[in-house]
Amino acid sequence: MVTTKTKEKIAAQDLETDTTIVEQLAYYRILAPLEVRSLLSRLDLSGKKSIPLDLTQFKNRDLEPFCNTFIEEIDKQSKHFTEASEKEEASNYKVDFVNMQKAAFNLFEGMIHVYGIPDDGIRLPVEEAKLDELKIRKNEVVYMNSESTFVTYQIIETEKGFKVVIEDTLTLDFDKRKKSGVFHLEKVKSLSSYMKCLRLINYYIQRNKFPFQYLKLSGGTLNVKGHLQQIEKEIEYYKELIDICNQIGISENYIFDDKEDLPSLFNAIINIFKNKQYSLLNIRQEKLKKTEIINIELSKYVKLALVYADRCFLSLYSEEALKIMDRNSSITDVASNQGKDIVKSVMLPDNRENYDQKVSIFASRKIEEMVKDTNFDFEIVKLSFADEHHDIQADLTITSSLGYIDFYDKTLDENYLKLALDLNQRYLAKYPEDDIAKVNIYLIKLKQGYELPEDEQNDLYNIKARAEMDNEQTICFACEVLLKNKAEARKLFDTLHDEDKKELIEFPIYRFYQDLE
């Protein structure tokens, strides 16, 4: 679309008007099918007979690239493709910036054409749009004081300026026109991210720039207020806090709840675990004269499982704790809550020197409760069942494995299913004739998506035959379920006593039975 405008130049010479000089200006707008469709839609919604259009003025040497762009857009948005886009669903999308080859191209003024790409790979025009903001997420290794640090940040650019969010904690707002910015440090989300931001601010204070390679930021306005005036003291404080948290198992990458009273929490951590003000735990002091497992609620959101040994607290979910468990003969489990001591059995023998089995300290703990601990570490739980810390022949091996199968059903986390499989396979290696371990292994395989081959199906028929001879109806039921004979399994279940039914319903095999077609 082209329009012209005539300008008359008036010369005040001898009071005569000179109209011989005429300047004509040309304006245009690319009306490709996507834009026409968009304009017609806007016109229809407005209920008016016309709508205003923004036009762009032609400048020197604009004509040829404008014509080329127009032809290219028409070709990509033919009527056939435009109509097809209304019928087909795309699996991927591609964005084109119109007239981007112009030297003065403005990302936020130019139009965007969105194309859908169905499975056949043909680009179909979907809609026309305008860019409001552009987001770029970057990861970069920066060097501060000869140390490398991995930093994540996001750049959000708009027409007026851009914002940089570093580690979701430090925000930098820059105004393009003023060429200056304001920096804001958010509250602690994780100790690791907060420490990185403190170090970055300290680097900026010293050098008036940041250590990024991709992101060049320097010369901005940095308002250092309050505790940030003593930035190096803050860094030392958080270094110490991170060390203490590592000791009790709070990862420096742990994300604190938004509602957490962080100053109170951090003060409690330092007072209890650095200054040893154990009276704050509301635990009778005689409980701290021997090795104890102590469950502590530091706040509404932070719950810890700890070991007290050698006059020191450390995380129950640590290799050091496993070694302590191995050497101690009597361990109790104490929960500190609102000033009351609750002692729980850990199911360890009273005299381990005369006992030939080691048992994982987590064997009798329910996984549903363990994962609520802020310092929970699955890898340590898994390690506790290694031969070094756990005798696989122990009866608790199979009981524990059922808990992990059950927890997999609730979370679909494959790690728990793999641990359950490992426990049953190692147990079966010690007791090759144990039918319960076999049933558990077949159940896990089916949950993993495997189809049982003929030899394993025959093994289940043999297990069922032995169970029938021993009147083990629950095992017979399990075999029918694993063979996917739901009707036969239902008949067996109906013959069970009410108490047996109630017990069976709690097992993973029953939930698998319910899901059978």
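Excluded from the calculations below are hydrogen atoms, water molecules and symmetry mates; all remaining heavy atoms, backbone and side chain alike, are included. Residue numbers count from 1 along this sequence.
When Asn246, Leu306, Val307 are each tested for a side-chain contact (heavy atoms from CB on, under 4.5 Å) with Leu314, only one passes: Val307.
Between Tyr427 and Lys430 there is no side-chain heavy-atom pair separated by less than 4.5 Å. In this structure, Gln154 and Ile136 have side chains that are not in contact, with every pair of non-hydrogen atoms separated by 4.5 Å or more. Ser193 places none of its side-chain heavy atoms less than 4.5 Å from the side chain of Asp168. Here the side chains of Ile294 and Leu316 are not in contact, with every heavy-atom distance at 4.5 Å or above.
Using a 4.0 Å cut-off between charged nitrogen and carboxylate oxygen, Arg426 and Asp422 count as a salt-bridge pair. The pair Lys300-Asp261 does not count as a salt bridge, with every side-chain nitrogen at least 4.0 angstrom from each carboxylate oxygen. Using a cut-off of 4.0 Å between Lys/Arg side-chain N and Asp/Glu carboxylate O, Glu499 and Lys502 are scored as not salt-bridged. Taking 4.0 Å as the cut-off between side-chain N and carboxylate O, Asp391 and Lys358 do not count as a salt-bridged pair. Salt-bridge formation is not detected for the pair Lys323/Glu320: no Lys NZ or Arg NE/NH1/NH2 atom is positioned less than 4.0 Å from an Asp or Glu carboxylate oxygen. Checked for salt-bridge contact, Lys372 and Glu369 meet the test: a charged N lies under 4.0 Å from a carboxylate O. Ion pairing between Asp373 and Lys303 holds under the 4.0 Å rule for side-chain N and carboxylate O.
Here the two rings, on Tyr153 and Phe212, have centers that are under 6.0 Å apart. Within the 6.0 Å centre-distance limit, the rings of Tyr254 and Phe256 are counted as a close aromatic pair. In this structure, Tyr317 has its ring center at least 6.0 angstrom away from the ring center of Phe378. For Tyr278 and Phe313, the distance between ring centers is under 6.0 angstrom. Annotation: Tyr404 is not in aromatic contact with Phe407 [ring centroid separation under 6.0 Å not met]. Between Phe477 and Phe507, a ring centre-to-centre spacing not shorter than 6.0 Å is recorded.
A donor and an acceptor atom, one from each side chain of Tyr431 and Gln393, are nowhere located under 3.5 Å apart. For the residue pair Ser299 and Glu260, a side-chain donor N or O sits within less than 3.5 Å of a side-chain acceptor on the partner. Between the side chains of Arg137 and Thr152, not a single donor N or O lies within less than 3.5 Å of an accepting N or O. Inspection of the Tyr408 and Asn415 side chains reveals no N or O donor paired with an N or O acceptor under 3.5 Å. Side-chain contact annotation: Asn267 with Asn271, donor-acceptor N/O pair under 3.5 Å absent.
Under a cut-off of 6.0 angstrom, the local environment of CZ in Phe150 is crowded, with over 12 non-hydrogen atoms contributed by other residues, nucleotides or ligands.
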| said: Show, in sequence, the C-alpha distance, side-chain angles and deciding distance for Ser401 and Asn424, and conclude whether the side-chain hydrogen bond (donor to acceptor under 3.5 Å, both in side chains) test is met. | reply: CA-CA 7 Å; Ser401 76; Asn424 280 279; 3.0 Å; yes
| query | Can you list the steps and then say if Phe266 with Tyr237 is a ring pair (Phe, Tyr, Trp, His ring centres under 6.0 Å)? | reply | CA-CA 10 Å; Phe266 294 161; Tyr237 172 83; 7.2 Å; no
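Taking the centre and axis of the six-membered ring of Tyr513, the NZ or CZ atom of Lys486 falls inside the cone set by 45° and 6.0 Å.
Taking every heavy atom of both residues into account, Ala489 and Val481 meet most closely at CB-CG2, 3.8 Å.
Glu456 is linked by a salt bridge (charged side-chain N to carboxylate O under 4.0 Å, His left out) to Lys445, counting only residues two or more places apart in sequence or in another chain.
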